[in-house]
2 protein chains.
Amino acid sequence: MNRVIVAPVPPEDGMRAAMARVWEIYDASFAEMQVVLRERLSTHPAFGPLIRDTPVDEAQEAVNRALLRAAMVDWEWEAYWQDTRRQAAGYATAEIPLASWVELVNLFREDMVTRVFAAAAAPDVQELVHAVNRWLDDAIAAFAQAFVSANEGVIASQQQAIRQLSTPVLQLRSGLLILPVVGALDRDRLDQMRALLLEAVRERRARAVVLDVTGVPEIDTVAANQLIGSVDSARMMGA
Amino acid sequence: MNRVIVAPVPPEDGMRAAMARVWEIYDASFAEMQVVLRERLSTHPAFGPLIRDTPVDEAQEAVNRALLRAAMVDWEWEAYWQDTRRQAAGYATAEIPLASWVELVNLFREDMVTRVFAAAAAPDVQELVHAVNRWLDDAIAAFAQAFVSANEGVIASQQQAIRQLSTPVLQLRSGLLILPVVGALDRDRLDQMRALLLEAVRERRARAVVLDVTGVPEIDTVAANQLIGSVDSARMMGA
């Protein structure tokens with residue numbers, strides 16, 4: 001999970017005038033667009049049930065709109081993306097797949113582009129289309145990345161749980177420990193085994209430790225050396 | 001992991017003429033667009049190293065182009081999306097975050113829209129912009145969904161591994177088994193414990209089984225009943 005999360009980068013300042021104009025067009029037809037979108041989505045397999053069960057939340061809509069205005073007019077993009085990420089993380093465990101969210105953005109994009117063409121003429125309209133696309137692509141990027149990162153967080157904590165579960169230290173009788181090792185040995189597991197072993201030797205005052213590696217498919221020299229090192233350390237602690 | 005994967009749905013037939021025209025524009029400037037894109041990406045933090053280390057693979061490019069032509073002209077979208085998904089699944093474990101892929105599509109989209117404006121006049125250009133956006137949004141949907149699904153597959157198999165690791169059956173001495181149960185009991189784990197218990201009773205000819213539930217934070221009546229049911233079944237098998 002070494003991935004660097006690259007947040008979207010705010011558009012160049014050269015796009016500010018076009019983006020502010022896109023905001024005006026959006027703001028002027030906000031109510032109408034909401035109705036059209038809700039109507040189109042009400043028969044959608046993924047969004048239909050959600051739309052039908054969720055009444056319009058005007059307070060939430062006002063918050064969203066203020067965030068969007070701050071981004072598109074005042075160029076404060078980070079708060080808007082942060083809110084988008086927060087929503088995406090919440091949706092990552094819900095029933096709606098990411099592909100459907102992108103489809104939703106496409107419906108909205110088509111509506112916005114149509115309104116932009118109705119509101120402006122060439123050559124302005126081209127700049128406005130770029131602004132619409134930049135706005136929506138950055139929103140998709142923030143949303144989709146947060147969606148994926150929520151899953152990556154689950155993967156990392158599960159890995160940790162598996163590593164702990166697969167390295168138990170059993171006490172056979174007083175002073176005798178057994179460490180059954182099952183599965184492949186990577187560096188993280190070797191480090192963890194060493195820590196577990198020494199902790200167990202100290203806490204349970206072990207005199208003997210059996211490292212049972214019959215369950216390990218193959219041991220290379222690096223792993224073997226590290227195992228021997230762990231045994232030496234245990235010996236120095238009295239085992 | 002109950003999510004239904006909604007593949008993109010091919011565009012309405014009404015978009016065929018516009019999409020074929022977009023293909024022509026793309027095809028005519030293919031070589032030029034590749035150069036521009038590679039140049040813009042060569043300084044990108046995520047794509048730069050990849051671009052610099054990867055020579056142009058003309059055979060692969062020809063395959064990609066044929067798939068795209070079949071989609072945009074012959075309306076065979078599924079093969080193109082399938083290939084997109086395949087690539088996405090391969091990239092899901094690489095260092096490039098999903099947000100950067102969306103950013104890449106935006107660069108490409110801007111270039112395509114600019115070329116569309118140069119090649120056509122109103123009112124045609126509006127239809128062409130819709131076609132470009134539909135093409136690229138569906139591609140993002142297929143790519144992002146496959147990216148997420150690759151992670152979901154990992155999560156599901158890790159869950160399975162954790163469940164198995166956290167339900168060991170230990171043999172204390174001949175005929176005596178112990179099943180230490182640690183952590184919350186959900187329906188899947190209860191079912192699995194029952195199966196493990198009966199299998200262990202049969203294979204190891206156990207006469208007595210200790211179900212150690214001191215490690216379970218809370219047991220509701222449903223779980224308790226199911227545990228008792230498992231014990232009854234074990235009894236019928238001779239334990």
Side-chain angles (χ1 to χ4, degrees), chain A residues 2-9 44-46 92 94-103 105-107 109-110 113-114 116-118 121-123 125-126 129-130 132-134 136-138 140-152 154-155 158-159 161-162 164-166 168 170 182, chain B residues 2-9 44-46 92 94-103 105-107 109-110 113-114 116-118 121-123 125-126 129-130 132-134 136-138 140-152 154-155 158-159 161-162 164-166 168 170 182:
Chain A
N2 234 338
R3 205 169 285 156
V4 182
I5 297 201
V6 180
V9 178
H44 187 279
E95 293 300 307
I96 297 174
L98 183 52
S100 296
W101 290 106
V102 179
E103 189 188 349
V105 172
N106 180 259
L107 287 179
R109 195 195 302 266
E110 196 178 344
V113 166
T114 303
V116 155
F117 269 92
V125 72
Q126 186 175 341
V129 170
H130 286 323
V132 168
N133 283 339
R134 179 62 188 260
L136 297 180
D137 286 339
D138 283 350
I140 290 179
F143 189 94
Q145 185 62 56
F147 209 95
V148 167
S149 299
N151 280 338
E152 287 175 348
V154 173
I155 289 176
Q158 284 183 338
Q159 263 173 347
I162 289 172
Q164 281 172 357
L165 285 167
S166 54
L170 305 176
V182 177
Chain B
N2 233 339
R3 205 169 284 156
V4 181
I5 297 200
V6 180
V9 178
H44 186 280
E95 293 301 307
I96 297 173
L98 183 52
S100 296
W101 289 106
V102 179
E103 188 189 350
V105 172
N106 180 258
L107 286 179
R109 193 195 302 267
E110 195 177 346
V113 166
T114 303
V116 155
F117 269 92
V125 72
Q126 186 175 341
V129 170
H130 286 322
V132 168
N133 283 339
R134 179 61 187 262
L136 297 179
D137 286 339
D138 284 349
I140 291 179
F143 189 94
Q145 185 62 55
F147 210 95
V148 168
S149 298
N151 279 338
E152 287 175 348
V154 173
I155 288 176
Q158 284 183 336
Q159 267 173 346
I162 288 173
Q164 280 170 358
L165 285 167
S166 53
L170 304 177
V182 178

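Note that these values count all heavy atoms, side chains included, but never hydrogens, waters or copies made by symmetry. Just so we're on the same page: letters track the sequence lines, and every chain starts at 1.
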Subject >> B:L98 and A:F147, any side-chain heavy atoms less than 4.5 Å apart >> reply: no
Original post:
Going through the checks in order, is the side chain to side chain contact (heavy atoms under 4.5 Å, CB included) test met by A:I155 and B:Q158?
Top reply: CA-CA 8 Å; A:I155 289 176; B:Q158 284 183 336; 3.8 Å; yes
**OP:** Answer yes or no: is there a side-chain heavy-atom contact under 4.5 Å between B:V129 and A:T114?
**Re:** no
Subject >> Value rounded to 0.5 Å, distance of CD in A:E103 from CZ in B:R134 >> reply: 7.0 Å
Subject >> Minimum heavy-atom distance between A:E152 and B:N151, given as atom pair plus value >> reply: CG-ND2, 3.9 Å
Original post:
Is it the case that B:N106 and A:D137 place a side-chain donor and acceptor less than 3.5 Å from each other?
Top reply: yes
Subject >> Under 4.5 Å from a heavy atom of chain A, the part of B:V125 involved >> reply: both
Original post:
Rounded to the nearest 0.5 Å, what separation is found between the CD atom of B:Q145 and the CH2 atom of A:W101?
Top reply: 12.5 Å
Subject >> A:R109, part contacting chain B, at a heavy-atom distance under 4.5 Å >> reply: side chain
